[in-house]
Every structure is written in C-alpha cells, then in structure tokens.
**Q** 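Mind having a look at this structure? Questions to follow.
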Amino acid sequence: MKLLRLMIQARRVDERLIKICRQGRLRGSAFAGIGQEAISAAVAVASQPDDLFAPCIRNLPLHLGRGETPLGVFRQALGRAKSPTGGRDGNVHYGRLDHGVYTMISHLGSMISVVAGGVMAKRRQGKDTVGVAFVGDGATSTGDFHEALNFAAVFDIPLLVIIENNHYAYSTPTSHQYRCHRLADRAVGYGIDGYSADGNNPAEIYITVRDILNDIRANPRPALLEADTMRMRGHGEHDDFKYVPETLLQVYRRRDPIRMGIRGMQAAKLITDDQIEAMELEIADEIDRSARQALSEEEPLADTLTQGVYRDA
Amino acid sequence: MREITYLQGIQEGLREVLKTDPTSVIYGQDVGAFGGAFKVTEGLQAEFGEARVFDTPISESAMLGAAIGMATQGMRPIVEMQFADFITTAMHQLLNNAGTRHYRTGDAVPMVVRVPSGGGTGGGPFHSEELETYFCHMPGVKVVYPAFPSDARSLLLSAAQDPNPVVFMENKTLYRSVKERVGDDLTALPLGKASVRHEGDDAVVITYGAMVHEALRAVSELHVTEGYEVMVVDLRSLKPYDLDTILAATAATSRVLVVSEGWRTCGYAAEIATAINESAFHLLDAPVHRLTAPDVPVPFAKSLEDRYRPAAADIVKALRDLIEL
C-alpha cells in the first residue's frame, strides 16, 4: 500500500509539473519519471533510516519516500527561496542529508562514489547503513561508473547500484550504448553479484531490492541490479521523443507500474476501489495545495547571490 | 628547535591531524605501507593502522567522490593525488561535486586534496604540471601552497580544520631541498595570510611555491651586484589570497613583479596583476610585470625545461628591467 501510494503520488506530482511547464511558468524543463516509479518506490519502502541514496533524474518516489514533500519538489522546480537548494539549483538536483539523500550533479555516474564514501563513513560509525545509487543505461558507459563499482568492490562497501534501463539515454538507444547482452553481467567483472528484474512490476522489484539490501547489509559488499523499464516521455518536456517507436511505448503502456501494482493488489484483495479513490483524492488535494503555494512564493533575493559559497570556519 | 625538511613538515602536519582528529583518514595510491611515491606518508600506516591510512585503486574520480561522501558524513578525508597532473581525470568531482555542494545544499564538505606539483625534476609533461589556476578558478574550493617546512606543517593543519574542500599544493622540488629550524609547537595558520620573506623598497616579487626560493636567491644576488633592496611576498594561500599584504607591498615599493611556475595565459599571475591594477594603479611607477612559464607543455630535456621554468636568473633579469624602467 505504501509502495502504491508513493508511485501514485510521484505520478501526480510529475503530471502537475508538466502542466506548470506547459503553462510556461516553470524555469527550464520538467524531467518526468513517468513509467519508472516502481523502482525507486520499492527502494524507499525497503530502506532503513540510516541508509544513503544517490538518486538520479527519475527517482521522485525515492525523494518522497525518504521525506521530501510535494511542496519541496514544486519549490525546487520553480527555483523558490524556500526550495531544498534555496533556488541555487533546480529541477531534479536536490536531496537532504537528514533524509539520507545526496543532491546529484548532472555528470552521470559521478554520484556512485559519493554514496560509497558516505556508506564507508557510516559503517565506521557503527551503523548498519547500506547505500543505493541510481543510474540509467547511459551512465554505464562512463568511466565513473566503472571506477566507483570497482572501488566499492575492493572495499566491500554495501552499495547497491541500480541501473534503470529505460532503453534511451536522451535520444540514444541502448544499441548505441553497449554491446553486452545484459548490463547486469558486468557485475562479474567487478567480482560482485549482478541481478536483473522487471522494473515495472512493483511486487517483483520490491522483493528483489529488499532481498539484496538485506543480504548486503548483513554481508557487506556491493551489488548490481539492472531493472528493465521504459521512459514514457521525452528526456525532458522540451523533447518530443519522436525517436522512440510507438510500438515500444505501447508495450510498456500495458505494463504501467501503477496499473500493474493496482491489479496485483486487487487480485490479492489487498485494496478496494474505494480505497484507491480515497488515496487519489487525498494525494490530489495535497498536490494542488502545494503547487499553488509554491507558485505564489518568492524567488531568492538577488542580493544573496554570493552568499554561502563557502562554509564559515 | 630542530631542523626539518619541507617533506617532514607535511608529514608532521599529517601525523598531527591523524592524532588529534579521530575522524581523519589518509588515502590515495601507494600511500599505505609503501609510504607514497615521494614517501610523504611513510610510516603513517604502521603508526595509525590500515583503517586510517590506506591504498586505493587507481581511480582519481572515485577517490574524490568517496571523499565527498565521507566528508558529508562526519569524516575528514585527506586524499593524495600521486601527481598533480593526474587530478585532471577527476576535475568534475572537485569543480562540480565538491565545490558546488555547500552553495546548493548548505552541507559542509571538509576534505583536503594533496597535489604534488611543479617541474624541474625531469618529470616531463605529465609529472610536472603546476595547476593552481584551475583550482583557484573553482567556486567553493580553497587553495593553499606552502613554500617552507613550518608553513607546510601549519597549513596542513589549517586545511584539515577548514569545513570546505581545500587543495593543498606541495612542490616536489622543495620536498628535500628546503630545510628550516622549527619548534615542536604545531599551530594552524589562518588561510589567506601572506608572509613577507624579505624586506625591501625598490620593488616587490609576489610569488608562491618553489618560486619563493628562486625569488629569494634572485633578490640576494641583486643586493650584492646592484645594491637593490627587493621585497619578497610569499602568498602561502592562493584562494583566498591576502590582498591587504599585496597592496601594502605595492604601496611600499611601487614596482611589482609577479612570478608563477604556472602557464601564462589566464594564469594565477594575471589575477594578482589585475587585482593590483584595480586597487592600486595610482601607487605604481611601472606596469605590473609577470614572469611565468610559457604556454607550452612541460618539456622533458634539461635544456628545454631549464628554459621553460622560471629561475633565479630570470627573476634577476625581470627585476632589473622593472626597476630600471
């Protein structure tokens, strides 16, 4: 139920962001994770308070699951003074360390080593922390992906690197990104375990993630998980994604993770139509209030431009 | 009082940090049992254990990324780049990931990156670079560059007490060639404070790193040959830098030569010259002069590198031109 709620909440936030973007009120573009919600929702639900995360572009359910609010997300996208980054950064570059969530940079693969170092520190402090870093299929081609996985393997850092294989890195299909059969097979080269799972099946991805996290928490070492999914929109809303064949989108539309989650729960009689409707209404109400509030708020004062570059000694 | 080398100064600073700050760790390539390519960390692993001083794979980017992760979770990582030149494969971690973090998130990133720098050792293009300009250009990053053993020791402590990413530049030619008598009291030196190494009023040389020693040789030669009294300012901190001392030296001498081992175009010397022009143009009797390496890769052959790298004789000539202008 928690997993389903996170997926629906993230979907509705993304839809609202797209609307605000189309109205021309967003700064820059909106970067939706529609269709990929199950993976990071599963991670959020399977995680423990001391765990650390390096989310990437399409991991809104993780942020929400770790304590960020829709209001914070709208403020961030709008560059408001009260946003998690105070308007210094935008769109998907946010996170709060008190939620265990690192703020990403745009250089793909570069956050994996950061969360690895964070987990090393927490473990030295006696915590049973594990880390989860998210990357897409494109980031697997970077040197940083390799450096960080090898580094984590050498030091037996309990870090799960999840490749959300959504078939396109911006416009580049996986056929132009790598030649291996499965990206999960790369784990062998690092001496770690590699897993594959259906990233659009909430039950399957949740059980997979939960079991891996339990395993590496008890026996510290990294692991690699390739989750198959599909980016159902452009890289950002500025992108018409004409390069994605409609037939491929159709396949994944039928396998929408929210639809699959609801069907599974209905089949197991874990949820009723009334409960779904109540959940949707509650989420819609919060999102509407949050969006309106964020839209009404101020941007940071221009005079604060040069403040906070350094921490005072 | 006892005499220590520049290398020992750095090592004593590292030892003091490991002793006094239980959250500190030192890591890098070959820094553990081997003691580092230059033996700066020799003996530290034996003294403090493998958990505090350890080797990593050859992964400059992962090394710096992990440092950001540790620094934001209560640790104090001190990372050694084997040679300054190799940090270029991880520049995004410093510029984008470490340098922007406090501004964007408010999180402190207390980490030190040691970069053995500079030429004059026959190291060729990839073991000789002097990259301070790159580091100083990065918002959110601080840069120090000691020239003397006592400063190396004290600045290492200051760098390791600062809540920001600090690039600690150390010059390879000074490791064993520069000695100084020091006491046993280790105190941190505030960042951003220059030191006047030689008094004088005919001109001033503003410099840092190995060039401080070349400048001191040059001004003593000029004193003997021509009787000129030339001030030498050792910047010690490159970012933030000590504008007050720079302007006071400009006011006292009216003739300024900035010397840098780095490349010329858009180099650190240009920054200092510009800062003087902006704030003290009316005090100058001559344009601020620069003496730097030319814009060429660091060459290998001795004949070429001797021409490439500014030395005392070049400083003597530049000062003569400046004073007699």
Side-chain angles (χ1 to χ4, degrees), chain A residues 50 52 54 83-90 93-98 100-107 109-125 127 129 131 142-155 157 159 305-313, chain B residues 22-23 25 27 51-52 54-77 79 89-93 95-111 138-142 158 161-166 188 190-191 239-240:
Chain A
D50 280 329
L52 294 176
S83 91
T85 59
R88 268 83 185 280
D89 204 341
H93 305 109
Y94 61 98
R96 297 180 198 255
L97 282 187
D98 55 347
V101 180
Y102 277 100
T103 298
M104 67 176 283
I105 63 170
S106 297
H107 305 51
S110 302
M111 292 304 297
I112 306 173
S113 58
V114 175
V115 73
V119 173
M120 272 177 115
K122 289 268 204 183
R123 286 264 161 178
R124 281 167 182 255
Q125 293 154 10
K127 307 270 173 52
T129 298
T142 66
D144 273 351
F145 174 83
H146 167 70
E147 281 196 21
L149 269 171
N150 183 60
F151 189 94
V154 166
F155 292 109
I157 299 170
L159 170 68
L305 171 70
T306 59
Q307 294 171 7
V309 177
Y310 294 92
R311 169 69 64 104
D312 291 337
Chain B
T23 69
V25 288
Y27 64 84
R52 302 288 303 282
F54 54 92
D55 292 335
T56 65
I58 304 174
S59 301
E60 284 78 10
S61 176
M63 286 156 59
L64 291 188
I68 296 165
M70 291 181 197
T72 46
Q73 299 295 340
M75 282 177 69
R76 175 84 57 176
V79 185
T89 62
M91 227 51 158
H92 63 303
Q93 295 291 19
L95 169 66
N96 298 287
N97 219 346
T100 67
R101 196 152 289 272
H102 185 263
Y103 188 69
R104 301 187 304 141
T105 66
D107 299 323
V109 189
M111 57 187 268
M138 298 177 179
V141 173
K142 295 184 179 181
S158 333
Q161 288 170 7
D162 200 276
N164 297 283
V166 181
L191 299 188
K239 191 179 187 181

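Values reported hereafter were calculated over all heavy atoms of this structure, with side chains retained and with hydrogens, waters and symmetry mates removed. Chain naming here is simple, since letters A, B, ... match the order of the sequence lines and numbering starts at 1 in each.
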**Q** Heavy-atom distance under 4.5 Å to chain A: side chain of Val109(B), backbone, both or neither?
**A**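 Val109(B) has no heavy atom closer than 4.5 Å to chain A.
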
**Q** For each of Val119(A), Leu52(A), Ile157(A), Thr103(A), tally heavy-atom pairs with chain B at distances under 4.5 Å, and name the one with the top tally.
**A** Thr103(A)

**Q** Does a side-chain heavy-atom distance below 4.5 Å link His92(B) with Asp144(A)?
**A**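 They are in contact (side-chain heavy atoms under 4.5 Å apart), so the answer is yes.
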
**Q** Of all of Ala148(A), Ala152(A), Ser113(A), Ala54(A), which one pairs up most often with chain B through heavy atoms under 4.5 Å apart?
**A** Ser113(A)

**Q** Quick one: pull up NE2 in His107(A) and CD in Gln93(B) and give me the separation to the nearest 0.5 Å.
**A**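 Separation between the atoms: 8.5 Å.
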
**Q** The criterion is side-chain hydrogen bond (donor to acceptor under 3.5 Å, both in side chains); which residues satisfy it with Arg88(A), sequence neighbours excluded?
**A**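 Residues passing side-chain hydrogen bond (donor to acceptor under 3.5 Å, both in side chains) with Arg88(A): none at all.
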
**Q** If I take atom OH from residue Tyr103(B) and atom CG from residue Leu305(A), how far apart are they, to the nearest 0.5 angstrom?
**A**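 With rounding to 0.5 Å, OH (Tyr103(B)) is 4.5 Å from CG (Leu305(A)).
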
**Q** Where the side chain of Arg124(A) meets the backbone of Thr23(B), is there a donor-acceptor pair that is under 3.5 Å apart?
**A**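 No; judged by distance alone, with no hydrogens or angles, the pair does not exist.
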
**Q** Tell me, side chain or backbone of Val154(A) under 4.5 Å from chain B's heavy atoms, or both, or neither?
**A**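 The answer is the side chain of Val154(A).
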
**Q** Please report the closest heavy-atom contact between Glu60(B) and Glu147(A), naming both atoms and the distance.
**A**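 Nearest pair, atom of Glu60(B) first, then Glu147(A): N-OE1, 3.6 Å.
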
**Q** I'd like to know which of Pro77(B), Gly99(B), Ala51(B) tops the heavy-atom pair count under 4.5 Å against chain A.
**A**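 Looking at each option in turn, the highest pair count goes to Ala51(B).
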
**Q** For chain B, which candidate among Ile112(A), Val309(A), Asn150(A) shows the most heavy-atom pairs at distances under 4.5 Å?
**A**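 So the answer, after comparing Ile112(A), Val309(A), Asn150(A), is Val309(A).
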
**Q** Name the region of Ala116(A), side chain, backbone, both or neither, that has any atom closer than 4.5 Å to a heavy atom of chain B.
**A** neither

**Q** Picking from Asn96(B), Ile68(B), Leu191(B), which has the most non-hydrogen pairs under 4.5 angstrom with chain A?
**A**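 Most heavy-atom pairs under 4.5 Å with chain A: Asn96(B).
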
**Q** Atom CZ in Arg101(B), atom CG in Asp89(A): separation rounded to 0.5 Å?
**A** 9.5 Å

**Q** To check you understand the geometry: which heavy-atom pair defines the closest contact between Phe155(A) and Asp55(B), and what is its length?
**A**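 Where Phe155(A) meets Asp55(B) most closely, the heavy atoms are CZ-O, 3.3 Å.
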
**Q** Measure distances from Gln307(A) to the heavy atoms of chain B and classify the residue's part below 4.5 Å as side chain, backbone, both or neither.
**A**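 Looking at Gln307(A), just its backbone touches chain B.
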
**Q** Can you measure from CZ (Arg104(B)) to CE (Met104(A)) and round to the nearest 0.5 angstrom?
**A**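 It is 9.0 Å, given to the nearest 0.5 Å.
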
**Q** Heavy-atom pairs under 4.5 Å with chain A - which of Thr105(B), Ile58(B), Thr56(B), Thr89(B) has more of them than the others?
**A**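 Highest number of heavy-atom pairs under 4.5 Å: Thr56(B).
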
**Q** Given that the side chain runs from C-beta out, which part of Asp107(B) has a heavy atom under 4.5 Å from chain A: side chain, backbone, both or neither?
**A** both

**Q** Considering only heavy atoms, which portion of Ala67(B) lies under 4.5 Å from any heavy atom of chain A: side chain, backbone, both, or neither?
**A**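 Answer is neither: Ala67(B) stays 4.5 Å or more from chain A.
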
**Q** Work out which heavy atom in Pro57(B) is nearest to a heavy atom in Phe151(A); give both atom names and the distance.
**A** CD-CD1, 4.0 Å

**Q** Compare every heavy atom of Gly117(A) with every heavy atom of Met70(B), then report the nearest pair and how far apart it is.
**A**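 Minimum heavy-atom separation between Met70(B) and Gly117(A): CG-O, 3.3 Å.
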
**Q** At a heavy-atom separation under 4.5 Å, does Met138(B) approach chain A through its side chain, its backbone, both, or neither?
**A** backbone

